[in-house]
2 protein chains.
Amino acid sequence: MTEVTRRVGRPAKAVLTRARIGSAALELVDATGDFTLPELARRLGVQTASLYHHVDGRAGIIEVLREQVSDAMDAIALEDGPWDLALARYFRSYRQVFATHPRVVPLLTTATVRSEKVIRAYDRMVARLGEAGIPAERAMRILTALDNFVIGSALDLAAPDVMWEVPDDVEAPALSAALAAQPTNRKRADEAFEEGLTRLLASVTAEYGASASVGEAAR
Amino acid sequence: MTEVTRRVGRPAKAVLTRARIGSAALELVDATGDFTLPELARRLGVQTASLYHHVDGRAGIIEVLREQVSDAMDAIALEDGPWDLALARYFRSYRQVFATHPRVVPLLTTATVRSEKVIRAYDRMVARLGEAGIPAERAMRILTALDNFVIGSALDLAAPDVMWEVPDDVEAPALSAALAAQPTNRKRADEAFEEGLTRLLASVTAEYGASASVGEAAR
DNA sequence: ACCTGAACACCGTTCAAGT
DNA sequence: ACCTGAACACCGTTCAAGT
């Protein structure tokens with residue numbers, strides 16, 4: 001028999017914090033692929049309504065999740081070395097964070113970027129592209145393209161085990177052979193990310209110049 | 001006063017079809033960004049439970065949405081001409097479909113591809129990359145990279161009006177200047193898509209050879 | 001300020017009953 | 001086979017009451 005002490009009213013010390021809610025939510029999403037407020041509250045040993053004292057409902061918890069992954073990104077990556085290697089480092093860390101928490105990606109796909117850390121990172125990237133002689137307008141286009149690619153690649157990490165399933169009555173010999181030759185799903189996703197990131201950055205480098213090959217430096 | 005005729009039991013002719021449900025769902029998502037079964041049923045003039053006779057609940061309706069957008073893609077694009085131009089045509093039509101229905105994109109981000117039409121398209125792309133001298137393993141990697149980029153670019157279409165919002169207390173001069181120089185959100189998204197697609201395909205072309213520049217042919 | 005318990009509107013799904 | 005009406009479990013959100 002466990003003795004349950006029922007408490008009513010404000011506790012001497014707050015039992016919840018934004019941070020505690022955030023890490024519990026992250027754990028829950030990592031484990032199940034989604035979260036509900038009642039389940040989250042249960043894991044934290046509180047009532048569902050208690051969460052509202054710290055975050056703005058379900059949308060607020062998604063915000064906390066976004067903050068957590070944003071903070072894990074390597075902003076220092078952008079400071080030193082040639083710009084192309086700096087961007088490569090940053091976007092690799094960007095994707096690496098999502099590789100650790102793939103199931104949160106679908107929850108974060110559409111929202112305005114407000115995180116100070118992420119804003120600063122993009123500012124730094126625009127600046128570094130400018131130093132490399134790329135005009136601001138073009139820099140924004142390149143950054144958005146890279147961003148789209150990385151987000152798509154992050155979503156790929158949350159993909160089901162079988163990404164393409166050829167039905168029995170459909171003939172797709174080339175695709176079937178290519179799929180059969182594939183390594184694990186994760187390896188495929190990793191390789192495709194490197195393939196695209198390297199090609200995109202190398203293409204820009206070829207046009208505007210930089211110190212070394214991105215692919216080379218990855219080894 | 002409208003006369004309402006209450007009908008019970010099976011009607012002489014089925015009032016619902018998969019197709020009717022699908023187009024009503026697409027309209028609803030286009031208009032509101034999401035859908036619920038009760039609201040969909042209301043628009044179709046039936047009870048919520050009636051939907052279950054034609055589709056497998058909410059997940060089934062998302063499946064129908066996926067079929068609808070998949071069917072709108074230009075599969076013939078892959079048949080003729082140099083492989084790089086063929087792929088460019090296909091991926092442009094791919095993204096064009098989502099540009100017409102941007103708000104459905106977030107609903108379709110993670111699921112196994114089973115659509116015969118899409119499977120055939122990917123088979124065709126692997127085959128054409130093979131003809132160009134690209135080994136199957138590498139072809140799959142390139143295709144996945146392109147796919148990730150296009151999905152990310154499609155999500156970009158569903159992005160809020162302000163993609164990056166620099167808080168008042170944060171200094172991001174380079175980013176702010178670049179954002180100020182931006183045209184409309186849609187134009188930014190369009191340009192970034194072309195930027196990335198062109199660079200990715202040109203990079204592969206440079207390595208394996210093809211007939212003409214992708215960027216050139218786009219004009 | 002912070003937690004509880006109860007209430008409310010709403011959603012997805014199931015099923016017996018009717019033609 | 002296909003539609004209805006009712007039922008059920010569950011979810012997100014609100015709010016008065018308690019310390």
Side-chain angles (χ1 to χ4, degrees), chain A residues 2-26 28-29 31-66 103-104 106-108 110-111, chain B residues 2-26 28-29 31-66 103-104 106-108 110-111:
Chain A
T2 333
E3 190 141 336
V4 178
T5 315
R6 294 207 171 271
R7 298 229 154 271
V8 171
R10 182 188 180 202
K13 192 180 183 314
V15 293
L16 285 181
T17 62
R18 238 179 116 78
R20 270 202 74 208
I21 293 172
S23 67
L26 191 56
L28 183 51
V29 174
T32 69
D34 204 353
F35 73 94
T36 66
L37 302 198
E39 172 64 11
L40 185 56
R42 201 193 56 74
R43 291 191 173 213
L44 288 163
V46 298
Q47 292 295 313
T48 305
S50 306
L51 297 170
Y52 284 78
H53 292 286
H54 302 269
V55 293
D56 188 12
R58 187 180 164 83
I61 290 170
I62 291 179
E63 239 176 73
V64 183
L65 285 173
R66 187 187 312 280
R103 309 182 84 170
V104 301
L107 296 172
L108 308 182
T110 39
Chain B
T2 335
E3 188 138 343
V4 177
T5 315
R6 294 208 171 267
R7 297 231 154 268
V8 171
R10 181 187 182 202
K13 193 181 179 315
V15 292
L16 285 182
T17 61
R18 238 180 116 77
R20 268 202 74 209
I21 294 171
S23 67
L26 190 57
L28 183 51
V29 174
T32 69
D34 205 353
F35 73 94
T36 67
L37 303 197
E39 172 64 12
L40 184 57
R42 200 192 57 75
R43 291 191 172 213
L44 288 163
V46 298
Q47 293 296 314
T48 305
S50 307
L51 298 170
Y52 284 78
H53 292 286
H54 298 85
V55 293
D56 188 11
R58 187 179 163 83
I61 290 170
I62 290 178
E63 239 175 73
V64 182
L65 285 172
R66 186 186 313 279
R103 308 182 84 170
V104 300
L107 295 172
L108 308 182
T110 40

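Residue numbers start from 1 in every chain, and the chains themselves are labelled A, B, ... in the order their sequence lines are given, proteins ahead of strands.
- Taking 4.0 angstrom as the limit, H54(B) places a side-chain polar atom (N or O) nearer than this to OP1 or OP2 of dC3(D).
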Under 3.5 Å, side-chain donor or acceptor atoms of residues 47-56 of chain A against the rest of the protein: list the pairs with distances, not counting sequence neighbours.
{"from": "S50(A)", "atom 1": "OG", "to": "Q47(A)", "atom 2": "O", "distance (Å)": "3.3"}

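- Counting to the nearest Å, the C1' atom of dC10(D) and the CZ atom of R42(A) are 15 Å from each other.
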* Could you summarise the pairing of DNA chain C as dot-bracket text, marking Watson-Crick and G-U pairs under 3.5 Å with ( ) or [ ] inside the strand and | across strands? => ||.|||||...|||||.||
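- A straight line from CZ of R58(B) to P of dC11(D) spans 15 Å, rounded to a whole angstrom.
- For Y52(A), the side-chain atoms get nearest to dT14(D) when compared with the rest of dT14(D), dC3(C), dT13(C).
- With distances taken from any side-chain atom of L37(A) to the nucleotides dC3(D), dG12(D), dC3(C), the minimum falls on dG12(D).
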Report all side-chain donor-acceptor pairs from residues 32-42 of chain B shorter than 3.5 Å, counting only partners two or more places apart or in another chain.
{"from": "T32(B)", "atom 1": "OG1", "to": "L28(B)", "atom 2": "O", "distance (Å)": "2.9"}
{"from": "T32(B)", "atom 1": "OG1", "to": "D34(B)", "atom 2": "N", "distance (Å)": "3.3"}
{"from": "T32(B)", "atom 1": "OG1", "to": "D34(B)", "atom 2": "O", "distance (Å)": "2.7"}
{"from": "D34(B)", "atom 1": "OD1", "to": "R58(B)", "atom 2": "NH2", "distance (Å)": "3.3"}
{"from": "T36(B)", "atom 1": "OG1", "to": "E39(B)", "atom 2": "N", "distance (Å)": "3.2"}
{"from": "E39(B)", "atom 1": "OE1", "to": "R42(B)", "atom 2": "NE", "distance (Å)": "3.3"}
{"from": "E39(B)", "atom 1": "OE2", "to": "R42(B)", "atom 2": "NH2", "distance (Å)": "3.2"}
{"from": "E39(B)", "atom 1": "OE2", "to": "R43(B)", "atom 2": "NE", "distance (Å)": "3.2"}

Which pairs would a plain distance check flag for residues 9-22 of chain B, meaning a side-chain donor or acceptor within less than 3.5 Å of a matching protein atom at least two apart in sequence or in another chain?
{"from": "T17(B)", "atom 1": "OG1", "to": "R20(B)", "atom 2": "N", "distance (Å)": "3.0"}
{"from": "R18(B)", "atom 1": "NH2", "to": "E67(B)", "atom 2": "OE1", "distance (Å)": "3.3"}
{"from": "R18(B)", "atom 1": "NH2", "to": "E67(B)", "atom 2": "OE2", "distance (Å)": "2.6"}
{"from": "R20(B)", "atom 1": "NH1", "to": "V15(B)", "atom 2": "O", "distance (Å)": "2.7"}

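- A sub-4.0 Å separation between OP1 or OP2 of dC2(C) and a side-chain N or O of S50(A) is absent.
- Taking only side-chain nitrogens and oxygens, Q47(B) never comes nearer than 4.0 Å to OP1 or OP2 of dC3(D).
- By the side-chain contact (heavy atoms from CB on, under 4.5 Å) test, R103(B) pairs with V29(B), sequence neighbours left out.
- Rounded to a whole Å, the CZ atom of F35(B) is 7 Å from the P atom of dG12(C).
- Counting any heavy atom pair closer than 4.0 Å across all strands shown, T36(B) reaches sugar-phosphate atoms only and no base atom.
- Of the residues near DNA chain D, E39(A) and L51(B), the one whose nearest nucleotide (by heavy atom distance) lies more toward the 5' end is L51(B).
- L108(A) and L65(A) get closest at one heavy-atom pair: CD2-CB, 4.4 Å.
- Separating the CG atom of D34(A) from the C1' atom of dG12(C) is a distance of 14 Å, rounded to the nearest angstrom.
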What nitrogen or oxygen pairs link the protein and nucleotides 15-19 of chain D at under 3.5 Å?
{"from": "dG18(D)", "atom 1": "N2", "to": "R10(A)", "atom 2": "N", "distance (Å)": "2.4"}
{"from": "dT19(D)", "atom 1": "O2", "to": "R10(A)", "atom 2": "N", "distance (Å)": "3.3"}

